[in-house]
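Have a look at the structure below before the remarks.
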Amino acid sequence: MRRVRGGGAAAAARPEHLAAHARLVKSACPDAFLAATAMRGYLRACLPLQALLLLRSLLPRAPCLLGNSFSLSLALQASSAALSDSAPAVLGLGLRAASLHARALKSGFAAADLFVRTALVEAYAKAGRADLARAAFDEAPRRDVFLCNVMLAAYVARGEVAEARKVFDGMRERDLVSWNTMIHGYAVSGDVDMAREIFDGMEDRDAFSWSSMMSAYAKGRRSKDALRLWREMRAACATPDCITMVSVLSACGDMGALAVGTEVHQFVESSKVAVDVRLGTALIDMYAKCGDIENSLIVFHSMPSKDVLTWNSMIIGLANHGLGHDALSLFSRMVSEGLRPNEVTFVGVLTACTHLGLVSDGKKYFSSMGAVHGIAPKVEHFGCMVDLLGRSGHIEEARHLIRDMPFEPDAVIWRTLLGSCRIYKNVEVAEEAMAKLRVLDPHADGHYVLLSNIYAQANSWEGVAEMRKTLRREGIQRIPGRSSIEWQSATHEFVSGDRSHPRSKEIYEMLEEVMDRLRQAGYRPMTELVLQDIDEQSKERALAEHSEKLAVAFGLLTTPARSTLRITKNLRACEDCHSAIKLISLVYNRKLIIRDRNRFHHFSEGQCSCNDYWTDQKLPDEEQKSQERERMKTQLAHPIIGGWRTSHLYKSGEGVLSTWWLPDLVQVPRQGPGQDESVAIGVA
DNA sequence: GTAGGGTTAG
């Protein structure tokens, strides 16, 4: 059965179908046509059990209904649709696929009917009986493209794309659905290139074809290819629909491609495609992941209906931008509006606490998961807690949590603890974590670099040399850092020391100028972070040519004065780059928004919104915090975003105030859909 | 009677 789009829960049955139902119930002699009409009405309204109940009530007076191919195929559809949510009721009615199959066989006519056959194969497949589905398919006296397509989809749903391919290759006739199902089949089995081969072999394509290919790239995290496909699609004048756009947006978020994402949003608004919950959520997620939390909030507040994924995306987006208090207040609003949070919600809530250093709040949320919300914490929640405890200096408590948790700790957990040891220069626990990591994830380069940095900070130069040797001895490949920046709707990507860009010469000239001005402003390169065994000057050079600095230099070169630079990085921000970029924001009077592997850094006026939470700077003391609060009061006349007050942000009792840049939200220069002028969003 | 979509610890 095709689900009613956008309805989600059961939409109302259409009046004419309800009237048909009423007439049937009253009539002495139920007729098959009316019964089919009423059943179809219930199916369309996602009320399959009602369809079955109707049929059941009619059967004593009209047993012929089960020998009738119309009502029989509808009964099969209803039965498989109802099985997932009302299994006991369906079983009690005796109208499962097997009994309906038996009824069909009693009247040879119905068993030979292609509609009945198709519904039968689908019903068996949906009940998880691939063997019976295949048998029903093989027993079909003849086959058409619909029947084969259902068999294809059944194999694809089980992840058996090779079997699907055999059916596909054996088909005399194929339609768009057959081809599209194969694209999807290869996509879910992870074979994106085969999906593309199928896609390329098609004579005609429809929105399903493009969407399936797009989501194949998006799921395989081949976002560059997804964006290329989007351009191809636009060039081919094919019409994207809501679902296509969800997939493109997911690729934009992955790449940090704000310009393309904004273009897609504009397209959504101009094409009058209805923005359903999923598309809205995809937009929220895209804007947040591209560093544009303002537009993310605008979309969130504009959505008339939201589900748990919508709230999660917004909560996680805010948390990753260091707006933890907003994330937490959104969480309580979500709960007070009666939505049930899920596991992912708590990942966002705990991340918010970590980025703010709210240890006791984090513990409360963590224990409320089971106690209040009935959600068992999973390994990622323990991971969040290890991060929260470790990062705030409670390394022993983090160790105990790892020891006592009901899971075998994975590499991520130990790596998190290692990160905390780096902040607090705890060599002993770092070595313990490293010992575990050498077993659990021996080939990842990041651990060795982290431990080396810990040794360097503890002035243990033998330790640094040892790490260098280990890396070489075990042939561990360093993952190159990559930073990208969008310019003129294209993504420009840099690796360390990159000279491949067409404007490389200018970029290096700009870089030189930048480094000169930074040195004058007091910048000192952190050469102790460089792992290669090279002289001091080469180390300085290596640091200066880090991918983030190249991307910044390119940005300074190509964008107008005072505009914001947005950069996306594949690894954690390098500490030297972090301090250099803070100074750049001051010296060049620029805002820079940098997305690293797991959060955002908003640089402005020599500071970063992360408050250096990942470096060895401790949380600010009370005096600093109260000064900060005083400073904020003078800046706060206003903030209401979509009717939602954010002034509570500055009432923080604990942890880091990382939201000093927030008053910008009041006056958002909106480059987004539809308009270029500044849009005041101060008043709801 | 058949096919495609959104959130997740470091």
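All values below come from the heavy atoms of this structure, side chains included, with hydrogens, waters and symmetry mates left out.
- Between Asn598(A) and dG10(B) there is a side-chain polar atom (N or O) within less than 4.0 angstrom of OP1 or OP2.
- For Thr310(A) against dG6(B), a side-chain N or O and a base N or O form a donor-acceptor pair under 3.5 Å.
- Distance from the side chain of Phe146(A) is smallest to dT2(B) among dG6(B), dT2(B), dG4(B).
- Across the protein-nucleic acid pair, Phe137(A) atom CZ and dG1(B) atom P stand 19 Å apart, rounded to whole Å.
- Contact annotation for Ser212(A): backbone-only contact, meaning every heavy-atom pair under 4.0 Å involves sugar-phosphate atoms and none involves a base.
- Looking at heavy-atom distances under 4.0 Å, Cys242(A) makes contact with a base.
- Note on ring orientation: taking the six-membered ring where Trp is involved, the planes of Trp230(A) and Phe267(A) are perpendicular (angle over 60°, cut-offs 30° and 60°).
- In terms of polar N and O atoms assigned as donor or acceptor, the side chain of Thr281(A) comes within less than 3.5 Å of the base of dG6(B) in a complementary pairing.
- Note on Val121(A): nothing from the nucleic acid sits closer than 4.0 angstrom, heavy atoms only.
- Within the structure, side-chain hydrogen bond (donor to acceptor under 3.5 Å, both in side chains) contacts touching residues 341-353 of chain A (residues at least two apart or in different chains) are Asn312(A)-Asn342(A), Asn312(A)-Thr345(A), Asn342(A)-Thr345(A), Glu343(A)-Lys378(A).
- Residue Lys219(A) has no polar side-chain atom (N or O) positioned under 4.0 Å from OP1 or OP2 of dG6(B).
- By the salt bridge (charged side-chain N to carboxylate O under 4.0 Å, His left out) test, Arg222(A) is found to be paired with Asp193(A), Asp225(A), residues two or more places apart in sequence or in another chain being considered.
- A donor-acceptor contact under 3.5 Å is not formed by the side chain of Asn312(A) with the base of dG6(B).
- A sub-4.0 Å separation between OP1 or OP2 of dG4(B) and a side-chain N or O of His184(A) is present.
- Between the C1' atom of dG10(B) and the CG atom of Asp441(A) lies a distance of 11 Å, rounded to the nearest Å.
- The existence of a salt bridge linking Asp445(A) and Arg478(A) is confirmed by a sub-4.0 Å separation between a basic side-chain nitrogen and an acidic carboxylate oxygen.
- Checked against dT7(B), dA9(B), dG5(B), the side chain of Val347(A) finds its nearest nucleotide in dA9(B).
- Taking only side-chain atoms of Thr244(A), from C-beta outward, the nucleotide of dT2(B), dT7(B), dG4(B) with the closest atom is dG4(B).
- Judged purely by distance below 3.5 Å, without hydrogens or angles, the side chains of Asn598(A) and Arg572(A) pair a donor atom with an acceptor atom.
- If you check dT7(B), dA3(B), dA9(B) against the side chain of Ala153(A), the one that comes closest is dA3(B).
- Note: CD1 (Ile402(A)) to C1' (dA9(B)) measures 12 Å, nearest angstrom.
- Side chain Arg278(A) to base dG5(B): a donor-acceptor pair is found below 3.5 Å.
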